[in-house]
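Reading through the structure tokens given below for one structure.
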2 protein chains.
Amino acid sequence: MLTERQLFLLQLLVNDYIVSAEPVGSRSISKRDDVHYSPATIRNELADLEEMGYLEKTHLSSGRVPSEKGYRFYVDHLLSPAMLSDLEMKNIRDAYRRKFSETEELIHVTAELLSEFTNYTAIMLGPELLEMKLKHIQFVRLSGNKGVMIIVTDSGHVENRVVTFPSEIKAEDIEKIVNILNEKLNMVPLYQLQKRLNEEFRDVLRRNVSNYEHAMTLLRDSLEINDPEQIFYSGKSKILSQPEFQDIDKVISLLNVFEGKDLIRELMNMPPGGMHIRIGKENKLNGIEDCSLITTTYSVGSELLGTVAVIGPKRMAYPRVITLIDVLSNLLTKSLSDRKENNK
Amino acid sequence: MLTERQLFLLQLLVNDYIVSAEPVGSRSISKRDDVHYSPATIRNELADLEEMGYLEKTHLSSGRVPSEKGYRFYVDHLLSPAMLSDLEMKNIRDAYRRKFSETEELIHVTAELLSEFTNYTAIMLGPELLEMKLKHIQFVRLSGNKGVMIIVTDSGHVENRVVTFPSEIKAEDIEKIVNILNEKLNMVPLYQLQKRLNEEFRDVLRRNVSNYEHAMTLLRDSLEINDPEQIFYSGKSKILSQPEFQDIDKVISLLNVFEGKDLIRELMNMPPGGMHIRIGKENKLNGIEDCSLITTTYSVGSELLGTVAVIGPKRMAYPRVITLIDVLSNLLTKSLSDRKENNK
DNA sequence: AATTAGCACTCAGTAAGAGAGAGTGCTAAC
DNA sequence: GTTAGCACTCTCTCTTACTGAGTGCTAATT
């Protein structure tokens with residue numbers, strides 16, 4: 001169990017290291033106005049904290065640096081959320097007052113604010129398209145034997161496919177099929193569409209539609225939805241100005257993580273709800289052992305969730321980032337639901 | 001005017017420097033099997049080439065390095081396109097044999113091949129949406145007073161907008177309007193839509209539609225198309241493994257260029273047609289003074305152009321990159337037009 | 001019993017110097 | 001015109017020495 005004084009010193013040390021990025025020595029702590037102990041006393045306490053695993057030294061006679069356990073303790077018990085200045089809050093609110101013609105724009109602006117105000121890299125993960133539910137399908141005939149299949153989801157997202165239908169099928173037939181689908185597949189998640197199509201509609205279609213095989217192929221093609229991983233970054237280079245990224249190899253492996261979309265999905269896969277903080281090796285992924293990741297979710301519509309994240313060095317300004325990510329994800333959710341209201 | 005031997009030596013030196021990234025000395029040139037001059041002779045020639053501005057030294061007694069003028073001369077007069085091995089050609093062709101459900105996928109694959117085979121960073125710039133021409137508009141009513149405005153362009157791109165129409169307007173009215181637009185605005189470039197709407201349709205609509213003001217607002221909103229800058233990168237970190245990017249500040253300023261979409265548009269703005277090579281400071285843009293950029297175009301449909309580019313260090317394997325960018329942009333164009341054929 | 005002063009010790013970082021190696025320019029010989 | 005020879009220059013690397021920040025431990029002080 002840690003004493004009051006140890007808690008106090010640990011907090012000071014982490015705070016100090018977060019801004020300085022230099023190992024913190026006993027003397028520099030002792031010189032602070034709010035500390036009345038001599039360097040020797042502090043050394044003793046720090047030695048104890050090190051023994052318990054909260055601190056580390058970079059070499060035998062260096063100052064101390066928080067260990068991952070130290071950061072974890074700091075984040076769990078010692079940190080108080082930062083306040084944003086009035087000016088900052090004003091700037092943020094103003095940024096959301098603009099009129100956004102696309103949902104995407106709103107997400108991009110949020111990412112930009114987040115990276116701008118934290119000075120780290122912001123990552124936005126859109127909701128998985130495949131998780132959305134079908135609200136409406138419509139087939140629109142264009143010229144010749146081309147048409148657009150329009151798929152509207154419950155959260156208001158619209159997908160379209162240009163399809164060419166073989167001359168064996170009549171446009172009216174397609175419309176007829178789509179009407180049947182509309183009736184039967186309402187609120188079915190998109191990832192189930194193919195399966196349902198195969199299992200339930202073979203017979204229905206065979207009975208109702210001439211040229212049934214052609215129709216099935218057409219439907220299969222137009223309902224094959226492949227998830228465009230909606231990942232957006234802002235301030236990718238910000239994180240690289242941090243002193244821990246002097247090493248070019250670290251930069252490269254981090255950028256590789258950013259480039260591989262699968263890796264990012266995996267990284268950001270968190271238990272639902274609330275805010276999550278992963279420190280250093282808690283991120284089970286090569287290339288970001290020295291980074292911390294803070295994530296939370298924003299919602300689009302009633303249940304569909306996207307993820308907001310900030311990635312920075314382990315030595316991250318946790319209080320400030322936590323506050324900012326909280327404020328911004330809430331504003332984003334609010335703006336998105338306002339949009340939905342207006343659209344009704 | 002350069003002598004035969006000077007041409008020959010300049011070529012050797014650039015080739016050598018491209019692979020080694022080290023200043024080239026007279027001795028190492030002299031040792032080659034295809035060179036029969038002594039180091040001293042070569043030194044004399046190199047000194048002349050330096051005087052003429054084709055070569056530089058990194059310090060007083062170092063070997064020589066091509067100057068930008070030297071690279072320019074090399075690119076314009078000395079370089080012969082590289083051959084790809086049969087295996088490489090096979091790999092490339094195979095990659096295109098896959099079935100692509102989206103045009104975007106095809107573009108991504110091209111970018112990946114390009115960065116993979118060159119080991120530099122590939123940049124793909126999609127055609128400007130606003131340059132496309134209107135082929136077809138359709139309004140589809142969804143539930144309530146919502147609908148989708150579908151805009152199909154001549155190159156087969158489909159845009160959609162979910163719109164909420166005020167209860168003052170009837171869905172039939174909208175359909176009526178859209179029919180008029182369809183007739184009159186066929187093949188009008190998207191960027192002119194708003195203007196045409198304002199100039200020509202005020203009167204037409206006023207005559208034909210009740211609640212004309214509401215209708216205008218609705219149309220304005222749904223035809224307001226903001227260009228989603230279609231930029232795609234592959235192998236962003238590849239260029240950073242080049243020895244000239246040891247300096248972290250260079251990395252940061254390069255990544256900043258990548259992040260700012262305007263900058264990239266500006267950078268890749270080349271006179272139309274053919275292949276363009278910009279060496280070092282010929283790129284009038286901060287942050288890439290030490291890079292070379294090779295661009296060419298690919299076409300979608302009859303006239304719409306996208307840009308393919310490779311960005312690497314000035315010391316770039318020009319012959320190979322030129323060949324690859326040529327082969328791949330042609331394959332891309334071919335695949336895209338095949339798709340179009342099939343879609344007819 | 002807790003705190004602190006004092007001191008020997010460790011280690012990173014910097015600076016200076018020495019030597020090796022690669023390369024040059026110039027002169028004189030071939 | 002070409003080349004051998006040589007003095008010279010500059011980078012790079014390795015050593016050595018020194019400084020400064022910081023530590024742990026012991027003994028004295030409160």
Side-chain angles (χ1 to χ4, degrees), chain A residues 1-10 12-14 16-17 19-67 70 243-244 246-247 315, chain B residues 1-10 12-14 16-17 19-67 70 243-244 246-248:
Chain A
M1 207 40 224
L2 296 180
T3 65
E4 270 306 311
R5 190 164 70 185
Q6 286 172 331
L7 293 175
F8 177 61
L9 289 175
L10 179 55
L12 280 189
L13 190 142
V14 177
D16 195 339
Y17 184 63
V19 302
S20 73
E22 300 281 314
V24 183
S26 54
R27 222 175 87 87
S28 74
I29 295 185
S30 163
K31 268 194 294 194
R32 292 176 54 115
D33 287 346
D34 50 349
V35 174
H36 305 291
Y37 312 104
S38 75
T41 310
I42 293 168
R43 272 204 293 284
N44 285 330
E45 294 285 32
L46 297 189
D48 288 349
L49 284 167
E50 184 180 351
E51 211 161 85
M52 290 184 273
Y54 296 108
L55 299 178
E56 286 170 351
K57 284 188 284 197
T58 57
H59 62 270
L60 196 64
S61 72
S62 76
R64 262 91 175 187
V65 159
S67 66
E244 25 272 281
Q246 288 303 64
D247 183 2
R315 183 191 58 75
Chain B
M1 207 40 225
L2 296 180
T3 65
E4 271 308 310
R5 191 165 70 186
Q6 285 172 332
L7 293 175
F8 177 61
L9 289 175
L10 180 55
L12 280 189
L13 190 142
V14 177
D16 195 338
Y17 184 62
V19 303
S20 73
E22 299 281 315
V24 183
S26 54
R27 224 176 84 88
S28 73
I29 294 185
S30 163
K31 269 194 293 197
R32 293 177 55 113
D33 287 346
D34 51 350
V35 174
H36 305 290
Y37 313 104
S38 73
T41 311
I42 293 168
R43 271 205 292 285
N44 285 330
E45 294 286 31
L46 297 189
D48 288 348
L49 284 168
E50 185 181 350
E51 211 161 87
M52 288 183 278
Y54 296 108
L55 298 178
E56 288 169 351
K57 283 188 285 198
T58 58
H59 62 269
L60 196 64
S61 74
S62 75
R64 261 91 173 188
V65 158
S67 66
E244 24 272 282
Q246 289 302 67
D247 183 2
I248 199 99

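Quantities reported herein were computed from a predicted structural model and do not represent experimental measurements. Here is the naming used below: chain letters follow the sequence lines, and residue numbers restart at 1 for every chain.
- For A:D34, the CG atom sits in a packed shell: over 12 heavy atoms of surrounding residues, nucleotides or ligands are nearer than 6.0 Å.
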Would you mind writing out the side-chain donor-acceptor pairs for residues 23-31 of chain B within the sub-3.5 Å range, not counting sequence neighbours?
residue, atom, partner, partner atom, Å
B:S26, OG, B:R43, NH1, 3.2
B:S28, OG, B:G25, O, 3.2
B:S30, OG, B:Y37, O, 3.0

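- Taking B:E50 as the reference, B:R64 meet the side chain to side chain donor-acceptor pair (under 3.5 Å) condition, with sequence neighbours excluded.
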Exercise for the section: Let me have a per-nucleotide readout for nucleotides 6-25 of chain D, 5' to 3', with B, S or -, counting only protein heavy atoms under 4.0 Å. Expected result: ---BBS---------BBBBB
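- Residues B:P66 and B:L55 approach most closely at CA-CD2, 3.9 Å, considering heavy atoms.
- Taking atom CD1 of B:I42 as the reference point, atom C1' of C:dA22 lies 15 Å away to the nearest angstrom.
- The shortest distance between the side-chain N/O atoms of A:S38 and the OP1/OP2 oxygens of C:dT3 is not below 4.0 Å.
- Among all heavy-atom pairs drawn from A:L13 and A:L46, the shortest one is CD1-CD2, 4.1 Å.
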